[in-house]
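Note that ligands are numbered from 1 as they come in the structure, with each ligand's atoms numbered from 1 the same way. All figures in this text were calculated on a predicted structure; none of them were measured in a lab. Note: hydrogens, waters and symmetry copies are ignored here, and every other heavy atom, side chains too, is used.
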Amino acid sequence: MNLYPMFANLAGRRVLVVGGGSVGERKVAALCKTGARVEVGAPRVSRRLEKCAAGGEIVHLRGHFEDAWLDGVWLVVAATGNRALNRQIAAAAEQRRLLVNVVDDAGLSSFQVPAVVDRHPLMIAISTGGAAPVLARLVRERIESLFDASLGPLATLAQRYRERIRRKFPDIGQRRGFLESLFRGKFAALVRLNQALRAEHMLKRSLRGNNIPRNRGSVVLVGAGPGDPGLLTLNGLRALNEADIVLHDRLVSAGVLDLIRRDATLIEVGKQAGGSHTSQDHIHALMLEHAQAGRRIVRLKGGDPFIFGRGGEELEYLRAHDIDFEVVPGITAAIACAAYAGIPLTHRDHAQAVAFATAHQCESSEKPDWSSLARQHQTLVIYMGVRELESAQKRLIEHGRSPQTPVAMIENGSRPEQRVICGTLGELAQLARDHALLSPGLVIVGEVAGLADRLHWYAQAPLTGTPAPSPNRRAA
Ligand code: SAH
């Protein structure tokens, strides 16, 4: 069946909904939003509909369906849940050439109600022609996540300036170019950040100028999370969908890279402990080069860009070179690994504070403050610790943490190959060697680490003690 898609203007027009239960209620709510004059026919209606009728928002036709209810209406919705009655309503509507929708019955309907993504005045409607409404709803959820709520205000602004834009750019090609640069550039970013006034100033300024403004490039610093693509934020996903260039760290998982817009250019600027890496200066130069060419860059980092991610340095560089930027936080490895290992980082009985530290400093001149990291009733998470565990273990014990303190090492947290190894602080480095702990991995030190044993839920159960030898593993 080939359906003809259309959006109906029902403002001030009478629409009949037969059935006043929960389904009818939903249909009435959607119709009322359009300004339609809704009449609900049913012997009894729900509490909420009763209230609407009392408030004059709808009219309640009390009683059983009769043909006269169809007099003067434009559209009919049958939501009675009684197939025979729905059939009778559909037939009566058909005879009067009224379009009728029978809820969940494509065969009886002459029009169908699509699943809708509403960014008023922008509206996206999805239909499977009644074949699989659940599929339409799934597609809708995907689309909901792709387009944020700022599209509505964006469309409203464009609508308000439509005439002025038309006058300024009478040529359709030029007009299209102008609008595209508007919707893809800083103007759209300002609307998204709730700065509609600034966006409007910008629009006015560019309408005063003589050329189509060339889009300034920009950088979005996005936290990709620790691996599981489901942990990417909706803002992160949107940025990946709009990117021309994605500069990503090696830590970013394949699952997240799969979500990037197909025609974006991916550049790996990998940095991995011990491995070869792109220098920070080179990353800065790449961002600058592409931004100055007017491209939209996503700088995609594992976890959160501001936790041991040098995000701060990159932003300072961009600010110094007058490049626009935004930051989308990500779920940092400590939070994700703890959650996926069943370790609550704080706990009323065990830990009232959490510290994130990086073991890279352990041997450097910038010594971490071990006495504060070794505090009791505090959970300590050590990043990049796979190689430096020996020294971390020694210092923490020297500064008062008991060798019996529980620890958990989490390798490849939130990824299908995740491993959790549990033990005590006194045996930390030995355990890491015995289990050939791989990168990326981090360590959680504190009483809460002992809970993984009972609270684990993801991938394989925590390992303890010395493992059976496995020849294929390569230590980081
Ligand atoms: N910005 C990142 C951290 C970068 S430092 C974040 O917020 O997570 C890199 C270190 O993070 C790794 O050496 C490791 O200690 C930790 N890490 C990152 N992803 C991890 C993962 N999936 N599992 C375990 N540790 C991880």
Please set out all donor-acceptor pairs under 3.5 angstrom arising from side-chain atoms of residues 230-240, sequence neighbours excluded.
unit_1 : atom_1 : unit_2 : atom_2 : d
Thr233 : OG1    : Gly236 : N      : 3.0
Arg238 : NE     : Asp148 : OD2    : 2.9

inquiry  = What I want to check is whether the side chains of Gln159 and Arg162 have a donor and an acceptor closer together than 3.5 Å.
reply    = no
Interfacing atoms of ligand 1 (cut-off 4.0 Å, heavy-atom, Ala333) = 6 (C), 7 (O), 8 (O), 16 (C), 17 (N), 18 (C), 19 (N), 20 (C), 26 (C)
message = Is it the case that ligand 1 has an N or O less than 3.5 angstrom from some N or O of Glu411?
response = no
key: NZ/NE/NH1/NH2 to OD/OE distance under 4.0 Å, Glu144 and Arg119   = yes
query = In terms of side-chain geometry, is the basic nitrogen of Glu390 or Arg433 positioned less than 4.0 Å from the acidic oxygen of its partner?
reply = yes
ask   = Hey, looking at atom 3 (C) of ligand 1, which of Thr332, Val381, Ile307, Val252 has the closest heavy atom?
value = Ile307
ask   = With respect to Arg299, which candidate in Glu326, Glu314, Glu313 satisfies the salt bridge (Lys or Arg N to Asp or Glu O under 4.0 Å) definition?
value = Glu314
request  = Using modelled atom types only, decide if a donor and an acceptor are shared between the side chain of Asp171 and the backbone of Gln174 within a distance under 3.5 Å.
outcome  = yes
ask   = Under 4.0 Å from any heavy atom of Cys337, which atoms of ligand 1 are there?
value = 23 (N), 24 (C)
key: Any Ser414 heavy atom less than 4.0 Å from ligand 1   = no
task = Report yes or no: does Thr379 contribute a side-chain atom to a donor-acceptor pair with the main-chain N or O of Leu345 at less than 3.5 Å?
result = yes
query = Do Arg395 and Glu398 meet the salt-bridge criterion of a basic N to acidic O distance under 4.0 Å?
reply = yes
query = Going by the order shown, which atoms of ligand 1 are within less than 4.0 Å of some heavy atom of Pro226?
reply = 22 (N)
query = With atoms numbered from 1 as shown, which atoms in ligand 1 lie under 4.0 angstrom from a non-hydrogen atom of Asn412?
reply = 22 (N), 23 (N)
ask   = Any N/O of Ile331 closer than 3.5 Å to an N/O of ligand 1?
value = no
query = Is the closest heavy atom of Gly227 to ligand 1 under 4.0 Å?
reply = no
inquiry  = Has His435 got a side-chain atom pairing as donor or acceptor with Gly465's backbone, closer than 3.5 angstrom?
reply    = yes
query = In terms of the angle between their ring planes, are Trp457 and Tyr340 parallel, tilted or perpendicular, with boundaries placed at 30° and 60°?
reply = tilted
query = Looking at ligand 1, does any of its N/O atoms fall within less than 3.5 Å of an N/O of Gly309?
reply = no
request  = Would you mind listing which atoms of ligand 1 come within a distance below 4.0 Å of any non-hydrogen atom of Leu251?
outcome  = 9 (C), 18 (C)
key: Atoms of ligand 1, numbered as shown, that sit under 4.0 Å from any heavy atom of Phe308   = 4 (C), 5 (S)
inquiry  = Using a 4.0 Å cutoff against the non-hydrogen atoms of Arg415, which atoms of ligand 1 qualify?
reply    = 22 (N)
task = Before signing off on this row, confirm whether Ile382 and ligand 1 have an N or O atom pair separated by under 3.5 Å.
result = no
Contact (N/O only, under 3.5 Å) between Pro305 and ligand 1 = no
note = ligand 1 to Ile410, heavy atom cutoff 4.0 Å, flagged ligand atoms 24 (C)
